[in-house]
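Working notes, beginning with the structure itself.
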Amino acid sequence: MKTAKLYSFFILALIGCINTLNAQLDEKTETKITEIISKMTLDQKIGQLALRGTSSRTKVLPEQLKQDVRDGKVGAFLNVMKTDYVDELQTIAVKESALGIPLVFSRDVIHGFKTIFPIPLGLAASWDAETAKTSARVSAIEGSSFGVRWTFAPMLDIARDSRWGRIAESPGEDPYLASVLAKAYVEGFQTDNLADQTAMASCAKHFIGYGAAIGGRDYNTAIIHEPLLRNVYLKPFEAAIEAGAPTVMTSFNEVNGVPASGNKWLLSDVLRKEMNFNGFVVSDWDSVIEMIAHGYAADEKHAAELALNAGLDMEMTSKSYDNHVKALLKEGKVKEEQIDFLVRNILRIKFQLNLFEKPYRLKSHTGNLYAPEHLAKAKAAAIKSSVLLKNENNTLPLAATTKVAVIGPLADAPREQLGTWTFDGEKEHSVTPLQAFTDAKASFTFVKALTHSRDQSEKKFEAAVKAAEQSDVVVVFAGEEAILSGEAHSRANIDLPGAQEALIKAVAKTGKPVVLVIMAGRPITITNIIDDVDTVLMAWHPGTMAGPALYDIIYGKSEPQGRLPVTWPKTSGQLPLFYNHKNTGRPSSVESFVQMDDIPVGAWQSSLGNTTHYLDAGFTPHFPFGYGLGYTTFALSNLKLSKTELTKAETLEVTVSIKNTGDRAGEEVVQLYIQDKVGSLTRPVRELKRFKRVKLNKGETKTVSFSIAAKDLEFVNNTMKSVLESGEFNIYVGQHSASGLMATFTLK
Ligand code: BGC
């Protein structure tokens with residue numbers, strides 16, 4: 001006991017010392033920054049605020065660009081992908097510019113640099129912080145070898161509408177899951193030491209509400225009630241900043257009438273004061289001057305004034321700061337202290353990246369591009385991310401002797417399986433499912449049938465049907481090409497494009513079991529074909545190692561381990577759709593549901609007894625948030641709470657037993673949701689608060705425990721205060737957001 005006390009005293013003392021040391025270091029850095037700023041001309045200050053780009057295809061580095069660096073007119077670069085150029089530009093900045101301030105090189109390294117991991121929505125489906133962290137670590141190791149020390153990731157936009165193309169890049173619909181992932185990404189990109197030359201500064205983007213675009217149309221208006229902004233949209237950003245994200249990117253959209261890039265309340269009050277953000281804010285591509293099109297800025301000069309005064313430190317690509325700061329200062333519309341403040345924020349991060357000491361790309365750091373261990377991690381992530389949605393008669397896994405017809409446009413599409421935002425991943429390194437089947441010498445025949453996902457031609461269906469007839473099982477690789485999701489690629493109809501549904505129906509007619517493997521950037525509505533297929537496996541765009549990962553799943557060497565990070569709709573007419581909705585005054589139920597065809601022709605208008613639903617699509621999604629099958633089954637029992645009455649100072653311990661009731665080992669994600677039954681602001685029907693992955697052998701039972709602190713029950717109400725309200729709460733512990741055992745407790 002005494003030793004334990006002594007030990008904790010020692011640890012506390014050590015933490016105290018480290019904190020003091022850090023504070024001293026911070027103070028030292030701030031003094032150095034003050035010195036640098038005191039020597040800077042106005043032009044050099046304006047230069048630090050500029051993020052310039054070169055095209056990846058630039059053949060010769062333009063002389064003017066070099067001169068700009070020499071003159072101190074550039075603070076950072078994006079997309080300089082020739083290492084010679086990185087070295088040359090940095091040498092000019094350090095050796096030939098007046099103050100020798102180093103540049104920082106940036107890039108969208110989103111879900112891999114060369115070795116591509118599943119798209120972020122897929123990584124979110126892993127429900128696994130370690131997987132997210134690993135993907136970021138490998139990305140940073142590879143990317144930093146090209147001199148990239150700042151990545152425009154993680155994207156933390158909560159997305160509740162699968163029509164939105166950038167849902168592919170998002171952490172899904174839930175603020176808690178997104179926050180867990182946010183922390184993991186930041187830790188992975190940065191390690192615990194930004195100065196490490198394999199670390200990349202992360203950039204939490206897009207601030208804010210980009211995912212709430214009306215109708216899922218990219219760049220569109222977001223209208224977000226402030227408590228919702230705080231309870232949902234800001235949450236993952238808070239987590240990223242707490243984990244040490246040193247930069248934040250503003251979003252293209254307006255929120256409640258004010259574009260993010262000119263929103264002083266958002267950038268100064270919320271981000272800096274409330275969220276204690278101490279890094280720098282970068283605009284999105286031209287988003288400062290887009291405030292003119294928004295109808296918020298009268299012209300470029302006005303846009304610069306708004307952004308500068310809002311606290312936007314660095315302008316990406318457009319040149320409104322460059323063109324207008326001087327005049328704005330002269331006219332007194334912007335103060336020089338504000339410019340100094342913005343410059344200081346940028347220099348602080350350059351110091352944290354240790355660029356003043358070690359500005360150059362480490363030549364000995366090769367990045368281990370496509371190293372076997374990187375590929376193995378990408379493969380493991382693809383397995384963790386794949387979600388089994390249906391598996392009638394245990395069609396999967398297949399026995400090694402099964403004769404398989406491999407069909408479809410995505411079975412051998414090396415570029416498409418990489419997904420959106422993969423500037424640097426090369427399709428030549430992709431291992432496709434066809435390649436994996438071939439390498440493993442599986443018993444199969446292959447008919448592509450459609451040249452790409454949008455192909456409308458049914459000419460090759462006959463060969464596909466013939467292959468199906470001559471096989472035991474058909475595996476169809478269908479979905480979307482990479483370009484059909486991602487930025488600017490929203491869709492109103494999210495069925496399988498082209499003639500893919502017709503292809504599935506044609507092969508299903510043979511009576512052979514059909515396994516549908518979907519590779520796509522979003523949930524795909526499969527209502528038209530769900531009855532034609534026995535199995536549905538959602539693989540998202542799985543990345544470089546799609547083939548080997550899917551092969552292992554199909555033949556049962558691994559089980560699919562993903563769970564849905566977004567609600568899967570039956571039809572896009574249901575969107576936006578999310579599990580943590582409000583109950584309404586007329587909550588939907590099986591009993592009150594009225595199906596369109598049950599209404600008598602000529603019926604009088606009536607609404608009594610009716611509830612919130614669609615007459616045609618009903619009120620449930622196709623698959624709920626958190627859902628996913630494996631190759632075994634689990635049963636939960638014995639939900640216990642440590643107390644049924646809790647004071648605000650106490651912690652609630654929740655335990656549940658889980659048994660593997662199937663006939664092989666497997667993993668389950670046990671999910672804990674709460675419902676605050678009555679609030680001063682109505683509360684969602686459920687909110688995810690904890691989850692745990694558990695591995696169980698056949699027949700094994702384990703106890704899973706969770707702690708819920710009072711803080712987890714807080715929410716921001718209409719007074720914009722975080723409140724903890726007494727009352728009754730339901731706790732659900734289950735395998736997805738629409739299932740679970742229930743218990744109740746009262747917060748005193
Ligand atoms: C995107 C950002 C990205 C930037 C730089 C923009 O179009 O919205 O997410 O980081 O381009 O490539």
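In this chain, numbering begins with 1 at the start of the sequence shown. Order of listing sets the numbers, starting from 1, for every ligand and every atom in it.
- Here R107 has no heavy atoms under 4.0 Å from ligand 1, in either its backbone or its side chain.
- At least one N/O-N/O distance between K205 and ligand 1 falls below 3.5 Å.
- A donor-acceptor contact closer than 3.5 angstrom is absent between the side chains of S453 and E416.
- Considering both main-chain and side-chain atoms, E169 never comes within under 3.5 Å of ligand 1 through any nitrogen or oxygen pair.
- For atom 10 (O) of ligand 1, the closest non-hydrogen atom of the protein is D108 OD1, 2.6 Å.
- Ring centers of F152 and W421: at least 6.0 Å apart, outside the cut-off.
- Taking 4.0 Å as the cut-off between side-chain N and carboxylate O, D322 and K73 do not count as a salt-bridged pair.
- Polar contact check, Y210 against ligand 1: no nitrogen or oxygen pair lies under 3.5 Å apart.
- Here E487 pairs with R166 in a salt bridge; the nearest charged N to carboxylate O distance falls below 4.0 Å.
- For F625 and F578, the gap between ring centers reaches or exceeds 6.0 Å.
- The atoms of ligand 1 that sit less than 4.0 Å from any heavy atom of R166 are 1 (C), 2 (C), 8 (O), 9 (O).
- Residue E487 has at least one nitrogen or oxygen atom sitting less than 3.5 Å from a nitrogen or oxygen atom of ligand 1, judged on distance alone.
- Residue contacts with ligand 1 include H206, since one or more of its heavy atoms lies under 4.0 Å from the ligand.
- Checked against a 6.0 Å centroid threshold, the rings of F117 and H111 do not count as neighbours.
- Checked against a 6.0 Å centroid threshold, the rings of Y210 and W164 count as neighbours.
- Annotation: D284 places an N or O atom under 3.5 Å from an N or O atom of ligand 1; distance criterion only.
- Ligand 1 places these atoms under 4.0 Å from at least one heavy atom of F152: 10 (O).
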